[in-house]
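What follows is one structure encoded as structure tokens, with my remarks underneath.
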Amino acid sequence: MSDLPFILFSLVAAWAAIMVVTRDIAVHALLYLVVVLLSLAGVFFALGAPFAAMLEIIIYAGAVMVLFVFVVMMLNLGQTDRDRERHWMAPGVWIGPTLLSGLLLIALCLTLRAMPPTTGSDTLAPIGPQTVGILLYGPYVLSVELASFLLLAGLVSAFHIGRDTRATGVNSGTATGDV
Amino acid sequence: MTAPMPVIIGVTLAILLGLATFLTWFERRLLGLWQDRYGPNRVGPGGILQAVADGIKILFKQDWIPPFADRGVFVLAPAIGMMTVLLSFGVVPVTAFWSIAGTLNVGLLFVLAMMGMGVYGVVLAGWASNSKYALLGSMRAAAQMISYEVFMGLSVLGVVMQAGSFTMRDIVLAQSGLWFVVPQALGCAVFTLAGIAETHRLPFDLPEGENELGAGFHTEYSGMKFGMFFLAEYAGVVLVSALLVTLYLGGWEGPLLPPALWFALKTSALVCLFVLLRAALPRPRYDQLMALGWKILLPLSLLNIAATGAILLLHAPG
């Protein structure tokens with residue numbers, strides 16, 4: 001069992017992430033973000049978590065990102081937005097964030113080196129969907145419940161915002177609307 | 001017993017592309033039969049070479065990319081549409097010994113993931129075309145396909161609960177006693193409707209809706225790029241039929257005939273059903289389509305999951 005798939009997927013993810021930040025056109029950036037998510041799914045798969053990999057594609061790449069693309073399409077961005085984006089991406093702007101990210105990378109590497117090594121990759125077995133399910137509704141049932149609360153709250157607020165106010169308004173046109 | 005993997009992949013690909021091409025003629029001929037007219041019957045015996053003639057014509061057409069289009073994405077979009085459909089076939093087990101990855105332990109989830117990716121083909125085609133009708137078509141497609149993906153995912157959960165596995169091969173093997181279409185009739189109905197909406201076939205072809213949107217998301221496409229959308233749609237029909245057979249109709253199982261033939265027979269019967277739906281049903285309005293999904297199919301599929309879970313718990317040993 002080699003690490004080659006893992007390394008390849010990681011390289012693609014890193015390259016695509018760089019492309020996300022540097023694109024002028026919003027839809028192109030979003031497409032590269034989809035590539036990032038797909039290669040992350042590949043990384044999960046290479047690490048022996050096929051269930052997480054598939055959920056990454058279905059939920060993030062397949063649902064969340066489609067909605068992002070949908071919104072950007074609705075906004076109908078033109079040449080002026082592209083120019084503004086390019087203006088924001090002027091070379092001088094990069095210096096600060098690059099320094100900070102470099103510091104973060106160094107700190108991360110140092111911390112990871114200080115940690116004791118975990119078991120080798122040869123002892124890791126892939127975790128199938130059944131195991132994940134048993135774990136989710138066993139030791140982690142509290143987090144599942146909390147996540148479902150959060151989703152319910154999101155659903156209720158989306159319903160509240162998207163509600164058709166004419167149907168409940170006092171001076172609605174329902175009585176006279178059909179004239 | 002098991003053929004080498006390159007052979008399986010090659011044969012599957014060849015059969016699929018051939019079948020999708022052949023279906024373009026077969027559908028028109030079948031529609032003709034049901035509507036009491038001939039359909040294309042001039043080229044070759046019974047008109048079967050019409051697909052070849054269409055193919056040659058479409059290859060020699062000028063492949064025009066509009067100057068206002070986003071070139072890269074414009075070229076990419078039909079490829080995405082075709083690729084996701086073909087990849088999904090990877091996990092469909094034709095027989096116990098003939099499948100590319102029928103034993104993948106997240107097989108069904110992989111199909112759902114690829115269906116989710118398939119939305120991009122249509123959405124990006126509309127966006128990259130940079131024209132109003134295409135954009136409107138792809139917006140409809142995005143909303144429709146995302147919505148119906150939800151019901152599709154929920155409707156197959158009953159099957160997963162009964163089979164106890166996401167593996168397509170195990171799902172077929174679990175149906176050796178009774179096909180899942182009997183206990184999961186509700187889920188099967190929801191899955192069929194979602195499958196039609198997901199492949200944006202008639203009567204749910206609102207993203208194309210030629211009476212209002214020109215040709216919808218592929219208005220600006222010509223030549224073989226349009227051909228690719230066209231073939232991807234027919235390959236999608238075959239895919240949904242094959243999935244229905246695998247999930248609900250016992251896959252390759254059946255008496256007397258060899259397994260592969262059973263699979264082919266069931267799948268082609270369902271493909272004919274898809275064509276019959278096109279011949280028989282009018283297209284609903286867009287809001288009717290969305291209301292049907294969220295107000296009828298969603299509660300039905302949730303009910304199906306709850307009922308299946310309750311019955312399984314009651315019959316659980318111990």
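The sequence lines fix the lettering, A, B, ..., with proteins before strands; numbering per chain opens at 1.
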Toward chain A, the part of [X] with a non-hydrogen atom under 4.5 Å:
X       : answer
F110(B) : both
N130(B) : neither
V73(B)  : side chain
L109(B) : both

Donor + acceptor pair across side chains of S165(B), T167(B) (<3.5 Å): yes
Closest-packed option against chain B by number of heavy-atom pairs under 4.5 Å, given I58(A), I59(A), V69(A): I58(A)
Near-ring test Y221(B)/F74(B), centroid separation under 6.0 angstrom: yes
Between F229(B) and F217(B), ring centroids under 6.0 Å: yes
F68(B) atom CZ, neighbour heavy-atom count above 12 within 6.0 Å: yes
Within 6.0 Å of CD in Q130(A), more than 12 heavy atoms from elsewhere: no
Side-chain touch L55(A)/Y60(A), heavy atoms, less than 4.5 angstrom: no
Heavy-atom check, side chain of D70(B) versus side chain of H28(A), under 4.5 Å: yes
Is it the backbone or the side chain of [X] that comes under 4.5 Å from a heavy atom of chain B, or both, or neither?
X      : result
V66(A) : both
V72(A) : neither
I25(A) : side chain

Top of I146(B), V150(B), L104(B) for chain A proximity - count of heavy-atom pairs under 4.5 angstrom: I146(B)
